[in-house]
> 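Pasting in a structure now, in structure tokens, and then I'll have a few things to ask.
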Amino acid sequence: MLEINKLRENVSGAIELLKTRNKDFTSEVNSVIAADDKRKSIQVELDATLAESNGLSKQIGDLFKSGKASEAQELKAKTAVLKEKSHALKEEMHSMEKQIKEILYLIPNVPNLTVPAGKDDSDNAKIDEEGTMPDLHAEALPHWEIADKYGLIDFELGVKITGAGFPVYRGKGAKLQRALINFFIDEASDAGYEEVIPPHLVNEASGIGTGQLPDKEGQMYHTEVDNLYLIPTGEVPITNIYRDVIIKESEFSHKLCGYTPCFRREAGSYGKEVRGLNRLHQFDKVEIVRVEHPDNSYAVLDEMVEHIKGLLRKLELPFRTLRLCGGDLGFTAALTFDLEVYSAAQKRWLEVSSVSNFETYQANRLKLRFKNSEGKSQLAHTLNGSALALPRILAALLENNQDEKGIRIPEALVKYTRFDYITE
RNA sequence: GGAGAGUUGGCAGAGUGGUCGAAUGCGGUGGUCUUGAAAACCAUUGUGCGGCAACGUACCGGGGGUUCGAAUCCCUCACUCUCCGCCA
């Protein structure tokens with residue numbers, strides 16, 4: 001969530017930038033400031049009341065000790081009124097604090113200056129495009145038919161075992177999946193990221209820490225008996241490694257990567273958008289996470305995008321980079337780049353990575369700080385990106401690399417798959 | 001699942017009703033000494049909120065209560081650990 005004191009420094013500026021999200025947060029911002037003003041005035045009164053009451057308590061103690069019990073009794077009577085008053089003020093304080101928090105939860109991150117205004121994904125700004133479009137033969141198939149033809153993925157079996165959106169990968173399909181995971185992890189390790197294997201279920205505090213709770217509760221699977229959530233992305237457990245942590249300024253950067261399955265309820269999704277591997281309830285992803293000094297975080301964001309482009313080049317997939325417009329920007333992000341690969345048989349661009357700088361929005365909830373050069377605690381910046389999400393990569397690989405012989409495996413992957421063609 | 005113990009500052013760990021924002025040690029920072037470093041010694045060192053500041057106030061896992069006064073007593077919730085049981 002936003003830091004209220006930072007918000008106060010430039011209220012109108014924040015309101016203006018928030019407008020690029022294609023929504024007006026003027027009333028939320030104004031009401032949170034008003035609520036904070038009220039909170040302050042209550043606190044001044046409360047502090048004064050408590051100060052008086054603390055002073056009396058001290059006197060009473062001294063009087064008892066020096067044996068002046070009757071004088072002490074007199075003072076005791078006076079404290080009753082103060083106690084009542086401070087109780088009432090405390091209650092008001094709590095309700096104001098709660099109100100402030102609730103409004104802050106409704107306000108998304110302030111977009112970076114470079115975020116284009118826009119309504120939805122059609123307004124995202126294309127930055128670049130790279131790679132050669134495959135020239136498919138006439139009988140080219142969409143990936144779900146390829147997967148079926150070569151026995152790589154059994155969607156029906158997943159339906160039996162669990163339900164729609166939980167595919168069973170088998171044979172070379174499973175091996176290809178595992179190869180991609182290892183390839184992505186190795187590439188991240190080579191780029192200096194420490195590999196972690198985090199828990200796949202998280203508690204409520206972690207969900208709040210990275211911003212999935214309370215806003216997006218319905219998107220996560222929830223285990224009621226234990227009150228745990230299945231992770232929708234590795235971002236949640238990996239970033240929460242840094243919850244309630246104060247790091248040393250000299251220790252920047254923190255670079256972590258990890259493979260996790262991801263679980264998403266995807267309530268409300270339907271139609272051809274979700275066909276095959278396009279949208280699943282369970283999928284695999286390698287995530288890269290950074291904790292950075294505020295002065296450095298945007299350079300790091302570019303570096304992360306470059307890392308991901310490198311992966312796509314090695315996989316020989318045509319891709320493009322988008323700068324998300326305000327309307328498509330995630331709630332907690334200040335700036336996001338999406339990378340999309342072209343899936344030739346579907347003739348569609350598929351999002352395979354989303355790389356974001358959250359600035360201090362997550363760090364504020366996480367209480368993730370560092371000691372700055374003045375010795376003061378300051379919120380760090382968090383960033384993360386998919387490097388990469390597997391299913392759509394798989395879809396593009398299958399569709400783009402099909403020829404008369406079968407499916408060609410890109411060179412860089414062969415040492416992981418230990419086969420270079422998928423044939424019938 | 002059963003029984004017990006615990007949760008205190010960056011870390012370790014003391015503190016059972018006022019003199020406790022909290023001993024002590026480690027760590028951090030500054031200094032003395034030294035050619036330099038180490039050691040030793042001295043000083044300093046938590047966070048939030050309000051305030052220009054002085055200062056005030058809150059925080060000893062969370063919430064509530066008793067009391068003039070709570071880290072300390074009571075209730076409640078969460079978590080951690082140990083032993084037993086079950087189990088990969």
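Protein chains get the first letters and strands the later ones, always in sequence-line order, with residue 1 at the start of each.
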> Any base atoms under 4.0 Å from Asp62(A), or only sugar-phosphate, or nothing? Heavy atoms, all strands.
nothing

> With rounding to whole Å, what would you report as the distance between A54(B) and U7(B) at their P atoms?
35 Å

> Any strand counts, and the cut-off is 3.5 Å on both contacts for Watson-Crick or G-U wobble. Which nucleotide pairs with U24(B)?
A12(B)

> Which nucleotide in the list G50(B), C68(B), G64(B) gets nearest to the side chain of Gln43(A)?
G50(B)

> Suppose we define a pair by two distances each less than 3.5 Å, Watson-Crick or G-U wobble; what does C49(B) pair with here?
G56(B)

> Mapping His87(A) and Thr79(A) to their closest nucleotides on RNA chain B, which lands nearer the 5' end?
His87(A)

> Could you work out the separation of A5(B) and C11(B) based on their C1' atoms and round it to a whole Å?
22 Å

> Check whether any side-chain N or O of Lys40(A) sits under 4.0 Å from OP1 or OP2 of G56(B), and answer yes or no.
no

> Please name the nucleotide paired to A88(B) by Watson-Crick or G-U wobble geometry with both distances under 3.5 Å, or report none.
none

> Compute whether any side-chain donor of one residue and acceptor of the other, for Thr210(A) and Glu235(A), lie under 3.5 angstrom apart.
no

> Taking atom C1' in both G69(B) and G50(B), what distance in whole Å separates the two?
24 Å

> Of the candidate nucleotides G50(B), U47(B), C68(B), which contains the atom at the shortest distance from the side chain of Ser377(A)?
U47(B)

> C26(B) and U80(B): how far apart are their P atoms, nearest whole angstrom?
32 Å

> Roughly how far apart, to the nearest Å, are G85(B) and A70(B) at atom P?
46 Å

> If I pick the P atom on C83(B) and the same atom on U47(B), what distance separates them, to the nearest angstrom?
38 Å

> Looking across every strand, which nucleic acid part, if any, lies under 4.0 Å from Lys83(A) by heavy atom: base, sugar-phosphate, or nothing?
base

> For the pair made of CD1 in Ile247(A) and P in G28(B), what is the distance, rounded to whole Å?
18 Å

> Could you check whether Leu50(A) gets within reach of a base, just the sugar-phosphate, or nothing at all, counting any heavy atom under 4.0 Å?
sugar-phosphate

> Report yes if the distance between the aromatic ring centroids of Tyr221(A) and Tyr229(A) is under 6.0 Å, otherwise no.
no

> So what's G30(B) paired with, Watson-Crick or G-U wobble, going by both distances under 3.5 Å?
C42(B)

> Closer than 4.0 Å, any side-chain N/O of Asn54(A) to the OP1 or OP2 of U57(B)?
yes

> Is the shortest side-chain N/O distance from Arg39(A) to OP1 or OP2 of G50(B) below 4.0 Å?
yes

> Map Leu46(A) and Met93(A) onto RNA chain B by nearest heavy atom, then report which one ends up closer to the 5' terminus.
Met93(A)

> Any base atoms under 4.0 Å from Asn5(A), or only sugar-phosphate, or nothing? Heavy atoms, all strands.
sugar-phosphate

> Quick one: look up who U67(B) pairs with, Watson-Crick or G-U, both distances under 3.5 Å, and put none if it's unpaired.
none

> Any luck finding a side-chain donor-acceptor pair between Thr360(A) and Glu3(A) under 3.5 Å?
yes

> For the side chain of Ala51(A), counting heavy atoms from C-beta on, which of G56(B), U47(B), C49(B) is nearest?
G56(B)

> Cation-pi check, Lys172(A) to Phe419(A): give yes when NZ or CZ is under 6.0 Å from the six-membered ring centre and within 45° of the ring axis, no otherwise.
yes

> Across all strands shown, which nucleotide pairs with C83(B) by Watson-Crick or G-U wobble geometry, both distances under 3.5 Å?
G2(B)

> Between Glu92(A) (CD) and C49(B) (P), how many Å, whole number?
21 Å

> Using atom CD of Glu3(A) as one end and atom C1' of G48(B) as the other, report the distance to the nearest whole Å.
13 Å

> Could you please name the option among G56(B), U47(B), C68(B) that lies closest to any side-chain atom of Asp47(A)?
G56(B)

> Ignoring hydrogens and geometry beyond distance, is a side-chain donor-acceptor pair present between Asp284(A) and Gln177(A) at under 3.5 Å?
yes

> Check each of Val341(A), Ile409(A), Ile146(A), Leu413(A) against Leu397(A) using the side-chain contact (heavy atoms from CB on, under 4.5 Å) test, and report the only one that passes.
Leu413(A)

> Measuring only the C1' atom in each nucleotide, how far is G13(B) from A22(B)? A whole number of Å is fine.
13 Å

> Would you say the side-chain atoms of Asn109(A) and Thr332(A) include a donor-acceptor pair closer than 3.5 Å?
no

